[in-house]
> 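Sharing a structure with you now.
Chain identifiers are assigned alphabetically (A, B, ...) following the order of the sequence lines, protein sequences preceding nucleic acid strands; residue numbering begins at 1 within each chain. The analysis underlying the following values was restricted to heavy atoms, covering all of them including side chains, and did not include hydrogens, waters or symmetry mates. This is a predicted model, so every value here is computed, not measured.
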Number of protein chains: 2
Amino acid sequence: MALTRQKIVDTALEILRSYGLADLSMRRLARDLGVQPGALYWHVKNKQELLVVLAERILEPVKVGDAGGDPDGAVRRSAQDLRAALLAVRDGSDVVSLAQALAPESLTPLSGLAALLTESGLSELHAHWGAKSLTHYILGAVAEEQTRAELARSGLLEPGPDSDTDGEEFLFGVNTLLAGLEVHRTR
Amino acid sequence: MALTRQKIVDTALEILRSYGLADLSMRRLARDLGVQPGALYWHVKNKQELLVVLAERILEPVKVGDAGGDPDGAVRRSAQDLRAALLAVRDGSDVVSLAQALAPESLTPLSGLAALLTESGLSELHAHWGAKSLTHYILGAVAEEQTRAELARSGLLEPGPDSDTDGEEFLFGVNTLLAGLEVHRTR
DNA sequence: ACCTGAACACCGTTCAAGT
DNA sequence: ACCTGAACACCGTTCAAGT
């Protein structure tokens with residue numbers, strides 16, 4: 001059956017979900033699709049482009065909803081949605097971090113967060129910086145969670161207290177940043 | 001001349017400084033040392049261990065000095081020292097992020113920051129969480145700076161306004177986190 | 001237009017065998 | 001104790017040639 005960009009991305013996402021980023025090679029992907037490695041390059045420029053598309057797919061469920069009178073609340077919810085979306089795919093935060101490094105524009109959530117922060121009374125500049133700070137924090141925090149998960153999976157780490165203090169810690173960081181931004185509010 | 005762990009690490013750091021993480025392979029390292037790849041594995045367990053040692057070397061110049069009556073100021077200085085140390089080595093933030101993922105304990109600055117924050121009147125838990133938030137922010141922010149530098153180097157990005165707004169933006173993030181932590185202070 | 005076959009230039013790691 | 005030689009099992013990417 002005809003190879004399509006869609007099928008390539010879908011299969012790549014499957015490999016990611018089931019085996020993680022380390023197993024997502026172009027050759028492995030081709031094998032799973034029953035095709036020669038070179039065939040992929042007709043539909044996809046290179047592996048980097050593929051990773052950017054995967055990152056977009058991972059973030060798709062997240063809509064940085066509009067404020068509705070409570071911009072801080074909207075930021076909190078968006079941050080938690082982002083965390084959930086990243087955690088839903090193995091190595092999700094690594095893929096998104098890579099993609100953001102490769103194609104800084106293409107990932108939407110950043111501009112959404114900036115808009116919310118502007119709405120909360122920050123200048124354009126501070127809103128932009130604040131959104132970037134939040135993004136760095138979110139990606140770093142979730143990356144650490146997922147790294148622990150990978151280590152636990154490979155038996156190199158005792159499973160640890162599986163309770164959701166991670167969620168609490170994550171929210172602490174988000175709230176800390178929001179509280180710190182408070183200071184710069186005009187309104 | 002006898003191959004030693006020291007020489008391996010030194011040469012690795014040289015490759016990193018001059019050509020970046022992408023060019024730091026065990027085979028390339030062996031070639032530069034005039035030795036067979038397998039020889040490295042007598043002195044070093046594997047590439048991961050080497051990266052952890054490199055991260056320690058990169059962070060060596062940073063001493064998270066004690067407070068001296070002004071813990072917030074000490075945190076600010078430490079953060080800026082960290083940034084400088086990371087920027088001093090090509091792909092420094094990537095190496096340190098990797099190392100922190102591989103050997104979460106081994107990197108010292110985190111516990112230093114936590115100590116400073118405890119001294120500033122935060123509970124152990126909040127100090128710990130605050131230090132982690134700071135670390136995630138710092139690594140993310142500097143990683144972005146360095147990625148831009150790499151892209152510019154390869155000509156995929158116009159050099160941009162080379163002025164040091166990066167430093168300003170970085171400090172904004174650090175100050176925001178510190179201001180946000182203010183709320184939880186006991187003293 | 002789309003894919004195969006085959007190559008190019010690499011990887012990290014292991015391990016018998018040499019000195 | 002320390003290193004070589006050689007292998008194993010991989011990579012990403014390109015490109016003439018086929019259909």
> In whole Å, what separates the P atom of dA9(D) from that of dC10(C)?
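dA9(D) and dC10(C) have their P atoms separated by 23 Å.
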
> How is the base pairing of DNA chain D summarised as a dot-bracket string, given the Watson-Crick and G-U wobble criteria with both distances under 3.5 Å, [ ] for crossing and | for another strand?
||.|||||...|||||.||

> Return the value, rounded to whole Å, for the distance between atom CG of Leu40(B) and atom C1' of dT4(D).
12 Å

> Decide yes or no for Thr135(B) and Leu113(B): does some side-chain heavy atom of the first lie under 4.5 Å from some side-chain heavy atom of the second?
yes

> Check every atom of dC2(D), dT4(D), dT13(D) against the side chain of Asn46(A) and return the nucleotide holding the closest atom.
dT13(D)

> Looking only at non-hydrogen atoms, find the nearest pair between Asn46(A) and Val44(A) and report the distance.
O-CG1, 3.2 Å

> So, Gln146(A) side chain and Ser93(A) main chain: donor-acceptor pair closer than 3.5 Å or not?
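Yes, Gln146(A) side chain to Ser93(A) backbone: donor-acceptor pair under 3.5 Å.
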
> dC3(C) phosphate, OP1 or OP2: any side-chain N/O from His43(A) under 4.0 angstrom?
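Yes, such a contact exists.
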
> Decide yes or no for Val174(B) and Gln80(B): does some side-chain heavy atom of the first lie under 4.5 Å from some side-chain heavy atom of the second?
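No; the side chains remain at least 4.5 Å from each other.
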
> For Glu105(A), is the CD atom crowded, meaning more than 12 foreign heavy atoms sit under 6.0 Å from it?
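Above 12, so yes.
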
> Rounding to an integer number of Å, can you tell me how far Ile8(A) CD1 sits from dC3(C) P?
8 Å

> Which whole-number value in Å describes the distance from Leu21(A) CG to dG12(D) P?
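Going from Leu21(A) (CG) to dG12(D) (P), I get 11 Å.
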
> For Trp42(B) and dC3(D), is the shortest distance between a side-chain N/O and OP1 or OP2 below 4.0 Å?
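No, no such contact exists.
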
> How many Å lie between CD on Gln36(A) and C1' on dC15(D), as a whole number?
14 Å

> Nearest nucleotide by nearest heavy atom, which residue falls closer to the 5' end of DNA chain C, Leu3(A) or Tyr41(B)?
Leu3(A)

> Rounded to the nearest 0.5 Å, how far does CG of Asp91(B) lie from CG of Leu86(B)?
11.5 Å

> Only distances under 3.5 Å count here; give the side-chain donor-acceptor pairs of residues 56-65 of chain A to other protein atoms, sequence neighbours excluded, each with its distance to 0.1 Å.
from     : atom 1 : to        : atom 2 : distance (Å)
Glu56(A) : OE2    : Ser106(A) : OG     : 3.3
Arg57(A) : NH1    : Asp10(A)  : OD1    : 3.2
Arg57(A) : NH2    : Asp10(A)  : OD1    : 3.1

> Can you tell me if NE2 on His43(B) sees more than 12 non-hydrogen neighbours from other groups inside 6.0 Å?
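Atom NE2 in His43(B) is packed in, count exceeds 12.
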
> Exactly one of Leu29(B), Leu50(B), Thr4(B) should register a side-chain contact (heavy atoms from CB on, under 4.5 Å) with Val9(B). Which one does?
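For Val9(B), the side-chain contact (heavy atoms from CB on, under 4.5 Å) check succeeds only for Leu50(B).
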
> Anything under 3.5 Å between a protein N or O and an N or O of nucleotides 7-11 of chain C, put it in a table, one pair a line.
from    : atom 1 : to       : atom 2 : distance (Å)
dC11(C) : OP1    : Ser25(B) : OG     : 2.8
dC11(C) : O5'    : Ser25(B) : OG     : 3.4

